Amino acid sequence: MSGREMMATLVVKVVVAAVAALLAVWARYRLQQRNDRRKEGQTERQEDTQPAVDVLVEIERTIDEPPTTSTPEILAQLSRRLRQAEDDAPEEVQPSLARVGGRLDSYRSTWAVHEGTPPLSAAEDLRTAIRRAREAIRTYRRMH
């Protein structure tokens, strides 16, 4: 091989190595951007659904506690907060929150009929709706 051929081969190898290094840097940069966007999306999904999760926890805690004379008013407040959380929630989880709202209204209405002690079936229906709403929220957070 002549000196010129060796020099040409060396130049080609240097250019190939430089292009490979540049592509590697670019790939790392793009991966970092994608990871940053993913983290931002997770934070947004968390923020979109956290008020609903908080209300669901409070509803469940309230129905698990022994009833008091203030329980109907607490449930009314939670119902209003749930409606607001439903309005603010992403469309994908709104139907499950609406079901919880319906079950909560049903649970509240049984207070008058059953003189302050709603039947266990109403409480269980409400718990089931809450579980399903939580699952819908988890699915939303995973999928989006």
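No experiment lies behind these values; they were computed from the predicted model shown.
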To the nearest 0.5 Å, tell me how far [X] [atom1] sits from [Y] [atom2].
| X | Y | atom1 | atom2 | answer |
| --- | --- | --- | --- | --- |
| Arg138 | Thr49 | CZ | OG1 | 11.0 Å |
| Thr68 | Ile74 | OG1 | CD1 | 5.5 Å |
| Thr128 | Arg103 | OG1 | CZ | 8.5 Å |
| Gln50 | Ile137 | CD | CD1 | 8.5 Å |
| Ser70 | Gln77 | OG | CD | 9.0 Å |
| Ile59 | Leu82 | CD1 | CG | 4.5 Å |

Of the non-hydrogen atoms in [X] and [Y], which two are nearest, and what is the gap between them?
| X | Y | result |
| --- | --- | --- |
| Ala133 | Leu56 | CB-CD1, 3.9 Å |
| Leu97 | Ala89 | CD1-CB, 3.7 Å |
| Val100 | Ala129 | CG2-O, 3.3 Å |

Note to self: Per the ring pair (Phe, Tyr, Trp, His ring centres under 6.0 Å) rule, what does the pair list look like for residues 6-26, sequence neighbours excluded?
What the structure shows: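 Checked against ring pair (Phe, Tyr, Trp, His ring centres under 6.0 Å) - neighbours excluded - the pairs reaching residues 6-26 are Trp26-Tyr29.
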Notebook entry, point to check: Please walk me through it: do Arg142 and Thr139 pass side chain to side chain contact (heavy atoms under 4.5 Å, CB included)?
Noted result: CA-CA 5 Å; Arg142 272 194 316 261; Thr139 300; 3.5 Å; yes
Less than 4.5 Å apart, any side-chain heavy atom of [X] and any of [Y]?
| X | Y | answer |
| --- | --- | --- |
| Pro72 | Arg108 | no |
| Glu124 | Arg127 | yes |
| Val55 | Glu58 | no |

Margin query: List the residues meeting salt bridge (charged side-chain N to carboxylate O under 4.0 Å, His left out) with Asp54, not counting sequence neighbours, and say none if there are none.
Written below: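 Not a single residue meets the salt bridge (charged side-chain N to carboxylate O under 4.0 Å, His left out) criterion with Asp54.
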Short N-O contact, [X] and [Y], less than 4.0 angstrom:
| X | Y | value |
| --- | --- | --- |
| Arg132 | Glu135 | no |
| Asp64 | Arg61 | no |
| Asp125 | Arg99 | no |
| Glu92 | Arg141 | no |
| Arg80 | Glu73 | yes |

Next item on the list: Decide yes or no on salt bridge (Lys or Arg N to Asp or Glu O under 4.0 Å) for Arg83 and Asp105, but give the supporting numbers first.
Entry: CA-CA 11 Å; Arg83 299 285 187 239; Asp105 291 343; 2.4 Å; yes
Notebook entry, point to check: Should we count CD of Glu65 as having more than 12 external heavy atoms under 6.0 Å?
Noted result: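 Buried by this count: over 12 neighbours within 6.0 Å.
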Item checked: Heavy-atom neighbours of Leu22 CG exceed 12 at 6.0 Å ->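 Counting other residues, nucleotides and ligands, CG of Leu22 exceeds 12 neighbours.
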Notebook entry, point to check: Of the options Thr9, Val15, Val16, which is the one that meets Val12 in a side-chain contact (heavy atoms from CB on, under 4.5 Å)?
Noted result: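 Passing option: Val16.
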Margin query: Any side-chain to backbone donor/acceptor pair from Glu60 onto Ile130? Under 3.5 Å, distance only.
Written below: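 No; judged by distance alone, with no hydrogens or angles, the pair does not exist.
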Notebook entry, point to check: Do any N or O atoms from the side chain of Ser106 and from the backbone of Gly102 form a donor-acceptor pair under 3.5 angstrom?
Noted result: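 No.
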Checklist line | Val11 with Val19, same ILVMFWY side-chain cluster at under 4.5 Å | finding: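 Cluster IDs for Val11 and Val19 match.
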